[in-house]
Amino acid sequence: MRRLNRKKTLSLVKELDAFPKVPDSYVETSASGGTVSLIAFTTMALLTIMEFSVYQDTWMKYEYEVDKDFSSKLRINIDITVAMKCQYVGADVLDLAETMVASADGLSYEPAVFDLSPQQREWQRMLQLIQSRLQEEHSLQDVIFKSAFKSASTALPPREDDASLTPDACRIHGHLYVNKVAGNFHITVGKAIPHPRGHAHLAALVNHDSYNFSHRIDHLSFGELVPGIINPLDGTEKIAVDHNQMFQYFITVVPTKLHTYKISADTHQFSVTERERIINHAAGSHGVSGIFMKYDLSSLMVTVTEEHMPFWQFFVRLCGIIGGIFSTTGMLHGIGKFIVEIICCRFRLGSYKPVHSVPFEDGHTDNHLPLLENNTH
């Protein structure tokens with residue numbers, strides 16, 4: 001009884017077989033079929049390799065939402081060199097939410113040489129070249145995001161030439177924590193002093209002829225400091241053509257959450273526009289000489305996530321490649337063989353000509369072909 005049930009089960013399974021087997025004696029091979037098979041296998045191998053390279057690659061996904069964080073502080077990372085001595089310049093932040101100066105205790109003033117060494121100049125030239133390519137090819141930003149913490153440091157390398165040169169500039173570097181509202185970070189003549197109506201700088205003791213706000217921005221970023229990320233103002237250098245000159249940078253900061261397979265950081269992207277003008281009160285150009293960076297925060301937050309193709313999707317695409325090539329090459333081979341047979345049949349039919357009938361003496365005709373030909377001469 002059990003054997004009978006097994007036989008019925010096996011017969012039922014055989015009837016459900018969607019892959020019927022053809023005996024080898026019924027299979028006919030041909031040179032054209034072998035050629036098409038070689039082409040199909042080669043194509044499948046190439047496409048499989050390309051698909052595997054796509055499977056190994058990753059891409060960045062951008063999501064936008066409203067920034068609901070109101071209480072946290074905004075970190076500003078600064079590394080700027082000004083072509084004036086440190087005792088003549090002062091840097092601070094004016095918070096527009098309050099008419100007072102934010103604390104600038106996190107900044108350090110270090111005497112430096114403004115002119116770069118050959119190695120440093122080469123570093124700056126390469127950084128400016130990357131900045132120009134980023135403006136033309138926005139997709140390069142994804143490569144920078146994915147290579148964060150893995151690429152070389154973007155900081156200015158130390159001097160390799162004579163270190164005994166007389167310092168003629170001031171390097172202002174460090175970080176500040178400010179409220180997440182619009183503000184104005186500026187570097188101008190004189191140190192900042194408290195004032196009931198705002199703030200002021202002690203600039204009366206500095207001669208106007210010594211004003212020189214030529215500057216170099218080695219680094220400026222907002223939020224968490226992420227090595228390997230290149231910001232829009234990194235490597236910027238401006239040379240003042242007049243003593244009383246104002247440099248303005250209008251910055252829009254976008255909060256950004258970066259999640260890759262290597263890092264997870266809360267940083268900020270920003271866009272910037274520049275303007276510079278000479279202060280001449282007689283000509284109607286009013287203001288204060290210095291470097292002014294006016295920043296404002298966007299209400300949107302960007303979440304950048306590195307994604308990878310799942311294995312099931314890669315497997316489905318791979319099966320589609322193999323099955324599609326087999327089906328397509330089989331149909332093309334069948335169509336080509338059919339066309340060749342039609343053309344060959346036409347040529348064969350055209351090669352047979354009708355045989356003229358041979359009349360006999362009694363009036364009958366012979367339409368039969370001779371079975372033998374006598375080729376004897």
Side-chain angles (χ1 to χ4, degrees), residues 5-64 130 133-151 228 257-264 302-352:
N5 292 333
R6 289 180 181 178
K7 289 183 179 180
K8 290 183 178 180
T9 304
L10 290 176
S11 61
L12 179 61
V13 171
K14 289 182 180 180
E15 292 179 358
L16 296 176
D17 187 7
F19 308 98
K21 310 302 183 294
V22 180
D24 294 337
S25 58
Y26 295 160
V27 177
E28 181 181 358
T29 58
S30 61
S32 61
T35 304
V36 173
S37 298
L38 289 176
I39 296 175
F41 290 141
T42 304
T43 306
M44 279 190 292
L46 293 176
L47 291 179
T48 300
I49 295 173
M50 294 173 63
E51 191 67 25
F52 185 73
S53 64
V54 173
Y55 172 71
Q56 286 185 318
D57 194 14
T58 59
W59 62 88
M60 308 305 293
K61 179 181 178 182
Y62 292 81
E63 296 178 339
Y64 303 89
I130 294 174
R133 293 298 301 271
L134 283 173
Q135 294 178 0
E136 297 174 359
E137 300 290 340
H138 299 286
S139 59
L140 292 178
Q141 187 64 47
D142 293 349
V143 179
I144 294 177
F145 280 150
K146 289 189 289 186
S147 62
F149 280 163
K150 295 190 299 181
S151 59
K257 292 183 179 295
L258 181 62
H259 301 287
T260 67
Y261 289 105
K262 297 294 181 180
I263 64 171
S264 180
V302 182
T303 302
V304 184
T305 307
E306 185 178 6
E307 292 193 344
H308 185 272
M309 181 188 295
F311 178 77
W312 66 266
Q313 187 175 356
F314 167 72
F315 183 73
V316 170
R317 291 164 64 101
L318 196 62
C319 292
I321 289 174
I322 297 175
I325 291 178
F326 262 119
S327 301
T328 304
T329 52
M331 288 188 297
L332 292 177
H333 179 254
I335 294 173
K337 187 176 181 180
F338 178 72
I339 294 174
V340 170
E341 288 180 353
I342 292 177
I343 295 175
C344 291
C345 288
R346 287 184 178 179
F347 279 116
R348 289 175 183 175
L349 291 174
S351 62
Y352 290 100

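Quantities reported herein were computed from a predicted structural model and do not represent experimental measurements. Values below: all heavy atoms of this structure, side chains included; hydrogens, waters and symmetry mates excluded.
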(request) Could you walk me through whether Trp312 and Phe314 pass the side chain to side chain contact (heavy atoms under 4.5 Å, CB included) test, one step at a time? (result) CA-CA 5 Å; Trp312 66 266; Phe314 167 72; over 6 Å; no

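- In this structure, the separation between CD1 on Ile325 and CG on Leu46 is 9.0 Å, given to the nearest 0.5 Å.
- Checked against side chain to side chain contact (heavy atoms under 4.5 Å, CB included), Gln56 has the following partners two or more places apart in sequence or in another chain: Phe52.
- For His308, there are no side-chain hydrogen bond (donor to acceptor under 3.5 Å, both in side chains) partners two or more places apart in sequence or in a different chain.
- A search for side-chain hydrogen bond (donor to acceptor under 3.5 Å, both in side chains) contacts involving Gln313 returns nothing, not counting sequence neighbours.
- Residues in residues 317-336 take part in these salt bridge (Lys or Arg N to Asp or Glu O under 4.0 Å) pairs, two or more places apart or across chains: Glu51-Arg317.
- Taking CE from Met60 and OG1 from Thr303, the interatomic distance works out to 11.0 Å, rounded to the nearest 0.5 Å.
- The side-chain heavy atoms of Met309 and Val54, taken from C-beta on, include a pair separated by under 4.5 Å.
- Note on residues 318-328: no pairs pass side-chain hydrogen bond (donor to acceptor under 3.5 Å, both in side chains), not counting sequence neighbours.
- Sorted pairs that involve residues 39-49 and meet salt bridge (Lys or Arg N to Asp or Glu O under 4.0 Å), not counting sequence neighbours, are lacking altogether.
- Nearest heavy atom pair, residue Thr260 against residue Leu258, reads CG2-CD1, 3.9 Å.
- Here the CD1-OG1 distance, from Ile321 to Thr48, works out to 5.5 Å after rounding to the nearest 0.5 Å.
- Side-chain atoms of Ser264 and His259 include a donor-acceptor pair closer than 3.5 Å.
- Partners of Leu38 by side chain to side chain contact (heavy atoms under 4.5 Å, CB included), not counting sequence neighbours: none found.
- Phe315 meets the ring pair (Phe, Tyr, Trp, His ring centres under 6.0 Å) test with no other residue; sequence neighbours excluded.
- For the atom pair OG1 (Thr305) and OH (Tyr261), the distance works out to 9.5 Å, reported to the nearest 0.5 Å.
- For residues 33-43, there are no salt bridge (Lys or Arg N to Asp or Glu O under 4.0 Å) pairs, not counting sequence neighbours.
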